[in-house]
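Please read the structure below before turning to the comments.
Computed from heavy atoms alone, side chains included, the values below leave out hydrogens, waters and symmetry copies. Because the structure is a prediction, the values reported are computed rather than measured. Just so it is clear: chains get the letters A, B, ... in the order the sequence lines come, proteins before strands, and each one is counted from 1.
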There are 2 protein chains.
Amino acid sequence: MAGIKDVAREAGVSASTVSYVLSGKRSISAKTTDKVMAAVEKLGYTPDASARKMRGMRNQIIALSAPIRGDINQARYNAYFLRTAWAARNAGYDVMLLTGPDAVKDIRRVTQSNLADGIVLLDVEQDDERAAQSGTFSKPCVAIGYPSSHAGCACVDIDFALMGRKAVDFLYEKGHRTIVFLRNNESDYNRHSGYVVIFRESLLAHAKELGMTVIESEHYEADSFDAQHFVSTVFAHPDRPTAIINQANASVLSQVLMALHNAGMSIPQDVSVLSCGTYFEGEPTRFPITEMPVMPEELCAEAMNLLVSAIEEHTDIKGSVELIEPALKRRGSVAEAGSGGTI
Amino acid sequence: MAGIKDVAREAGVSASTVSYVLSGKRSISAKTTDKVMAAVEKLGYTPDASARKMRGMRNQIIALSAPIRGDINQARYNAYFLRTAWAARNAGYDVMLLTGPDAVKDIRRVTQSNLADGIVLLDVEQDDERAAQSGTFSKPCVAIGYPSSHAGCACVDIDFALMGRKAVDFLYEKGHRTIVFLRNNESDYNRHSGYVVIFRESLLAHAKELGMTVIESEHYEADSFDAQHFVSTVFAHPDRPTAIINQANASVLSQVLMALHNAGMSIPQDVSVLSCGTYFEGEPTRFPITEMPVMPEELCAEAMNLLVSAIEEHTDIKGSVELIEPALKRRGSVAEAGSGGTI
DNA sequence: TTGTATGCGTTATCAA
DNA sequence: TTGATAACGCATACAA
């Protein structure tokens, strides 16, 4: 393990000169620079991260808190892991994964020991312990989500209340008056996963305002959804619905699409489908579905912006809230009610 | 940021006494211990990670290399992320995520700077650059997978060649003679993802030995799979197949199951289904499917065992290969050919 | 049983 | 333009 002294000896200069050559904080003669760089190359020198942090420098590490709660299948958080890691790396940071069930303990461990320079909170619940405690963390903290108690951290989220209204408006303008709401699996509502609840309530409230009829799917647990049953039940309704707003995952929706197909219903000619709060980018779906997706890329990038500015410029981000306007990805699964034209 | 000196002052003892109280490497009077612990509590003291590493201690960090390659949807690696993090934490380590496209560069950065104490390689290809270079890494390395060039690291993987044979034997013993092989999407074969290729070849070879007929599904890309077409094509074969071995993901398989159902075929009465190299634990599938799954939990735990023993006891793990015997999860989707009994 | 002194590898300050 | 040196916070060898 070659250190700065070894490089200095090899190059025939002092250790501080090597440091300055590498940092560029002092003008160094071309000749010295060459000698030093040659020695660095030869010895494969890389500064020791701990030693440099001892001198007050940062560690360039962001902690990503994604606690495993019970038996929840967290596959959908993968996009956030990867996007956070990507955004962090672009800003010169590495990402450390904190998945222990006692998230606050994990966060304290890595912040108090000065391992991490900042924290990103994932899978934020309405009533989130981490966000509530964030004021006492010794490093800046950003939540991807919108917990009720958030005075100690910044929040970045999609405006799911707005998404609910936009989804309803979108269908209403196309002439739809009776629609189906395909719920997520129950466990997500039970654990008060913030956005799942907010979107649903906003959707139902706004539909009511407009006088629309919303038929909600029955409750189901992750592995017990029966698409055939869902389709036959829902379309037996006296006011035959003309559209589906989906909040369930790709697997459940795939089954519904297949069931619709089997029941002889075409999309969007016979029924429009709009999926909200999902993320089908790159998913192998048989039919492309118009979507107001969650936006891991945008959220993680913005969260990282805030965090880095708090870390590097000591910007005060505590309590700030940034709600991103939901986007609509048109993929042709929504049409005028009763018509055959696609949108 | 309270340091060890602050604690010492608060407790009215010397810094070394505080250190010894915390490490327990010296016998300390109960009175002193109490005073020190009280001060630690009061000031919320946590030793600085960098400073302690300067003293030759470890950083307790494992780097997890999972490079993003092109547009591949890596959702299936989520289980490995979580299992690795879990196993690491049990051993007292945190996990750092390395997802940059230049994986070797990332690994060198965190190992040469002494940030990480060891490396786990994920998403290992047949011809893996990281594994090939692992001999030159300055920290121990374990690959979850079985790359051809692996002299510098330990390998932990499922024995996919054995899995191929076991899958075939299992169906053969049940009387199946003509079977369908449902391929994974093409991109996985194209990028020479090790296990996907090995399993398929072993399966085909062993089926040939036994004189079985294997009908392979057509090639498809992730978003263009047509289950109806697949079912109608495959079961139009003169020797009507009695079983399906699946290597595709949950979404594709779901569609096939639905299509079979629509075609009036019951599982396992009319057709047996065995899924291999997949992982449906906790997946919301309409029909439970007998499976020889990948085993993230076992693989990650074993990888971590090896890595920790290399880190902490300097065990030489270079070049070692550990192939785990595939397990069979019976979920009732396989029966005797032509009978109605489930297994 | 406890305290003092040293050094880990850097970077910043001061001196040349 | 460069070199010597102090200091960062901790763990340990040594001294008491």
Side-chain angles (χ1 to χ4, degrees), chain A residues 1-40 43-61 109-117 138-139, chain B residues 1-40 43-61 109-117 138 312:
Chain A
M1 221 50 87
I4 199 169
K5 286 179 177 173
D6 303 296
V7 177
R9 195 178 329 109
E10 177 75 26
V13 299
S14 76
S16 62
T17 299
V18 175
S19 178
Y20 281 115
V21 167
L22 262 39
S23 72
K25 291 189 181 177
R26 181 151 125 175
S27 58
I28 304 276
S29 73
K31 208 176 72 182
T32 305
T33 302
D34 289 347
K35 279 191 301 185
V36 169
M37 292 313 285
V40 166
L43 302 180
Y45 166 73
T46 309
D48 181 275
S50 302
R52 100 186 303 182
K53 220 225 58 190
M54 288 281 287
R55 297 288 328 162
M57 326 245 50
R58 271 169 265 108
N59 233 339
Q60 304 296 108
I61 295 181
R109 178 165 48 77
V110 300
T111 53
Q112 299 205 13
S113 67
N114 284 317
L115 244 187
D117 302 311
S138 59
K139 306 285 173 182
Chain B
M1 223 46 90
I4 198 170
K5 286 179 178 173
D6 303 294
V7 177
R9 198 180 324 113
E10 177 74 25
V13 299
S14 76
S16 67
T17 300
V18 175
S19 178
Y20 281 119
V21 168
L22 262 40
S23 72
K25 293 192 178 176
R26 188 195 242 185
S27 58
I28 305 276
S29 74
K31 209 175 71 180
T32 305
T33 302
D34 289 347
K35 281 191 301 184
V36 169
M37 291 313 284
V40 165
L43 301 180
Y45 168 74
T46 309
D48 182 274
S50 302
R52 85 186 317 178
K53 221 225 56 190
M54 289 282 289
R55 296 281 328 161
M57 326 246 56
R58 273 169 264 108
N59 232 341
Q60 303 297 112
I61 295 180
R109 179 165 49 77
V110 300
T111 52
Q112 299 205 9
S113 67
N114 285 316
L115 245 186
D117 303 311
S138 59
E312 299 183 355

Using a heavy-atom cut-off of under 4.0 Å over every strand shown, decide if A:Gly56 touches base, sugar-phosphate, or nothing.
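If one applies the 4.0 Å heavy-atom cut-off, A:Gly56 turns out to touch nothing in the nucleic acid.
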
Find the distance between [atom1] ([X]) and [atom2] ([Y]) and round it off to the nearest 0.5 Å.
{"X": "B:Lys35", "Y": "B:Ile28", "atom1": "NZ", "atom2": "CD1", "result": "11.0 Å"}
{"X": "B:Thr46", "Y": "A:Leu115", "atom1": "OG1", "atom2": "CG", "result": "11.0 Å"}
{"X": "B:Arg26", "Y": "B:Thr17", "atom1": "CZ", "atom2": "OG1", "result": "6.5 Å"}
{"X": "A:Leu22", "Y": "A:Arg52", "atom1": "CG", "atom2": "CZ", "result": "8.0 Å"}

In whole angstroms, how far is the [atom2] atom of [N] from the [atom1] atom of [X]?
{"X": "A:Lys5", "N": "D:dT5", "atom1": "NZ", "atom2": "P", "answer": "12 Å"}
{"X": "A:Lys35", "N": "D:dT2", "atom1": "NZ", "atom2": "P", "answer": "8 Å"}
{"X": "B:Asp6", "N": "D:dG9", "atom1": "CG", "atom2": "C1'", "answer": "11 Å"}
{"X": "A:Arg9", "N": "C:dG9", "atom1": "CZ", "atom2": "C1'", "answer": "13 Å"}
{"X": "B:Met54", "N": "D:dT12", "atom1": "CE", "atom2": "C1'", "answer": "15 Å"}
{"X": "A:Asn59", "N": "D:dC8", "atom1": "CG", "atom2": "C1'", "answer": "14 Å"}
{"X": "A:Lys31", "N": "D:dT1", "atom1": "NZ", "atom2": "C1'", "answer": "11 Å"}
{"X": "B:Asp34", "N": "C:dT2", "atom1": "CG", "atom2": "P", "answer": "11 Å"}

So do A:Val40 and A:Val21 actually touch side chain to side chain, heavy atoms under 4.5 Å?
->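 No, their side chains stay 4.5 Å or more apart.
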
task: Check whether any side-chain heavy atom of B:Asn114 lies under 4.5 Å from a side-chain heavy atom of B:Asn59, and answer yes or no.
output: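 No. Closest side-chain heavy atoms not under 4.5 Å.
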
**OP:** Please tell me which of A:Thr32 and B:Ser50 maps to the more 5' nucleotide of DNA chain D, matching each residue to the nucleotide holding its nearest heavy atom.
**Re:**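 With A:Thr32 and B:Ser50 compared, the 5'-side residue is A:Thr32.
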
Closest non-hydrogen contact found for B:Lys53 with B:Ser113 is NZ-O, 4.5 Å

Tightest non-hydrogen contact, residues B:Ile4 and B:Ala15, listed as CD1-O, 3.5 Å

To the side chain of [X], which of [options] is closest?
{"X": "B:Asp48", "options": "D:dC10, D:dA11, C:dT11", "result": "D:dC10"}
{"X": "A:Thr17", "options": "C:dT10, D:dC10, D:dG3", "result": "D:dG3"}
{"X": "B:Tyr45", "options": "D:dC10, C:dG9, C:dT2", "result": "D:dC10"}

Is any NZ, NE, NH1 or NH2 atom of the basic residue among A:Arg9 and A:Asp6 found under 4.0 Å from an Asp or Glu carboxylate oxygen of the other?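 Answer for the salt bridge query: yes.
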
Computed from five pairs at either end and rounded to 10 degrees, the angle between the axes of the helix from C:dT1-D:dA16 to C:dA16-D:dT1 is 50°

Reckon [X] has a side-chain N or O less than 4.0 Å from the OP1 or OP2 of [N]?
{"X": "B:Ser16", "N": "D:dC10", "answer": "no"}
{"X": "A:Arg52", "N": "C:dT11", "answer": "yes"}
{"X": "B:Ser14", "N": "C:dT2", "answer": "no"}

Worksheet entry | Close approaches to DNA chain D from residues 19-29 of chain B, in residue order (heavy atom, under 4.0 Å) |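 Of all residues in residues 19-29 of chain B, the ones placing a heavy atom under 4.0 Å from DNA chain D are B:Ser19, B:Tyr20, B:Lys25, B:Arg26.
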
Might you work through the side chain to side chain contact (heavy atoms under 4.5 Å, CB included) test for A:Ile61 and A:Val110, ending with a clear yes or no?
CA-CA 10 Å; A:Ile61 295 181; A:Val110 300; over 6 Å; no

- prompt: Looking at C:dA12, does its base get a donor-acceptor pair with the side chain of A:Arg55 below 3.5 Å?
  reply: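 No pair found.
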
